[in-house]
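Order of the sequence lines fixes the chain letters, A, B, ..., with proteins taken first and strands second; residue numbering starts at 1 for each chain. As the structure is a computational prediction, the values presented were derived from the model and not from experiment. Just so you know, these numbers use all the heavy atoms, side chains as well, and skip hydrogens, waters and symmetry mates.
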Amino acid sequence: MEIPNKHRIVTTTSEEVKQAVLFLLESVTDPEVPVLSVIDLGVVRDIIVNPNPESGGWSIIVQVTPTYTGCPAMDVMKTTIRMALLQAGFTDISITSVLSPAWTTDWMSEHGKEKLKAYGIAPPQYKQAVCTPDSFQEEEAIQCPLCHSYHTRLVSQFGSTACKALYQCHDCKEPFDYFKCH
Amino acid sequence: MHNKTLIDYTLHLADNALIIGHRNSEWCGHGPVLEQDIAISNIALDLIGQARNFYQYAATVSGNGATEDTLAYLRDAIDFKNILLVELPNGDWAQTILKQFFFSTYQYFLYQQLQNSKDAQLAAIAEKALKEVTYHVRWSSEWVIRLGDGTLESKNRMLRAIDEIWSYTGEMFLAASYELQGIREEYAVDLSEIQKNWVQKITSVCIEATLPLPADTWMQSGGKEGKHTEYLGFILADMQFLQRAYPDADW
Ligand SMILES: [Zn+2]
């Protein structure tokens, strides 16, 4: 594929290319929570753009961090990021993983939290409680994303995916997922 | 730099996580209730994810074309460095829970210290995994209390589980040669330090669960040095069959 003219070194700066990559990544979504982009989720840690003198194009490094160690969606996200960049005409792409500092739900964008709630998943608490291994801790009051009641209960700390816990609302009786603090 | 001891230590951490993760995955579709089936399958996923991180790192340090897959699928039982505890059969739910509680508590204190490792990658893997292990400790300790302080039936099963498993807990704190060398080079965790914390946590949960712990007893060991129970061979046969029969199979 021809490298689109806008990505040629002569016409753009690396900062402009970085912004273009960022824009592309906003359309790459989490396969398990398709309303969230990889940017909303906070898994993209850095985008490093350098001119590649050999090809005359740009070398792109996208650094990602896993949400959960064993999250199977990470491999899919990495592949989708690569495809989105290839489609945009970039060819020199590397996607690397960084583990430290470890991902936290605090990195999820406010916009992302709004989208989660609209999708029917309770977003992670703004100020997360300290996660300790103590048994039978008092649970945080999680708001039902459907009827907005705080009158809810934890059904299971482990839900349909690694990042979610299962709750039930006492008022509207609906079960719902909570994107748990991490 | 080719550092055999660092590779062995990393493989030991990886093998522990892989084998108990594999055991937990045997519950997938067979859990006592749906929520707990999902919980133990999630824990399996976390542990296999940790194993992958450690194998990938061991492969990088080894070079020679090693990958996470060759390390998981093409080594024999004698090369595996996991403790015997993690290869024990699941038994009933009580045994599975107790095994997980003992192991998760061990991992919790181990990873807490490993975050300070001089090896930056081991420290990063530990920092990441610690958050997940925190949930594993909570979940398994709550079940130990629920079952121990539950019905006559559940209590009897927990007492039997302690009898079955207790003699496999000593190995966690018995340092292998690569651990001693790793401690000297300041990338491995000093097990005598974490043993105190482990005993304290186990004791307080078992008191709450009204479960008596055995007095000091003879402890099993050997897994860290590749001397395993016959159970590991069956796990590997199950796990490695495809790669052995169809080398480099991919999908
Ligand atoms: Zn509701």
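Annotation: the span from A/L154 atom CG to B/E35 atom CD amounts to 10.5 Å, rounded to 0.5 Å. Remark: B/R138 CZ to A/F136 CZ distance equals 10.5 Å, nearest 0.5 Å. Atom CG of B/L45 sits about 11.5 Å away from atom OH of A/Y68, to the nearest 0.5 Å.
Heavy atoms of B/Y135 lying under 4.5 Å from chain A belong to its backbone as well as its side chain. Looking at A/S156, the atoms closer than 4.5 Å to chain B (heavy atoms on both sides) all sit in the side chain, from C-beta outward. Residue A/T161 touches chain B through its backbone alone, counting heavy-atom pairs closer than 4.5 Å. For a residue to count as touching a neighbouring chain, one of its non-hydrogen atoms must lie under 4.5 Å from one of that chain's; by this rule B/L130 does not touch chain A.
The side-chain heavy atoms of B/K131 and A/T104, taken from C-beta on, include a pair separated by under 4.5 Å.
The closest donor-acceptor contact from the side chain of B/K128 to the backbone of A/T67 lies under 3.5 Å. Using modelled atom types, one side-chain atom of B/E132 and one backbone atom of A/T69 make a donor-acceptor pair closer than 3.5 Å.
Summarising the geometry of A/A162 relative to B/D46, their closest heavy-atom pair is CB-OD1, 4.5 Å, with the distance given to 0.1 Å. What you find for B/S141 and A/P133 is that their closest heavy atoms are OG-O, 4.3 Å.
Enclosure of atom CZ in B/F173 by more than 12 non-hydrogen atoms of other residues, nucleotides or ligands within 6.0 angstrom is indicated.
Heavy-atom pairs under 4.5 Å with chain A were tallied for B/T134, B/V137, B/V205; the largest tally goes to B/T134.
The aromatic rings of B/H136 and A/F158 are tilted relative to each other, their planes meeting at an angle between 30° and 60°.
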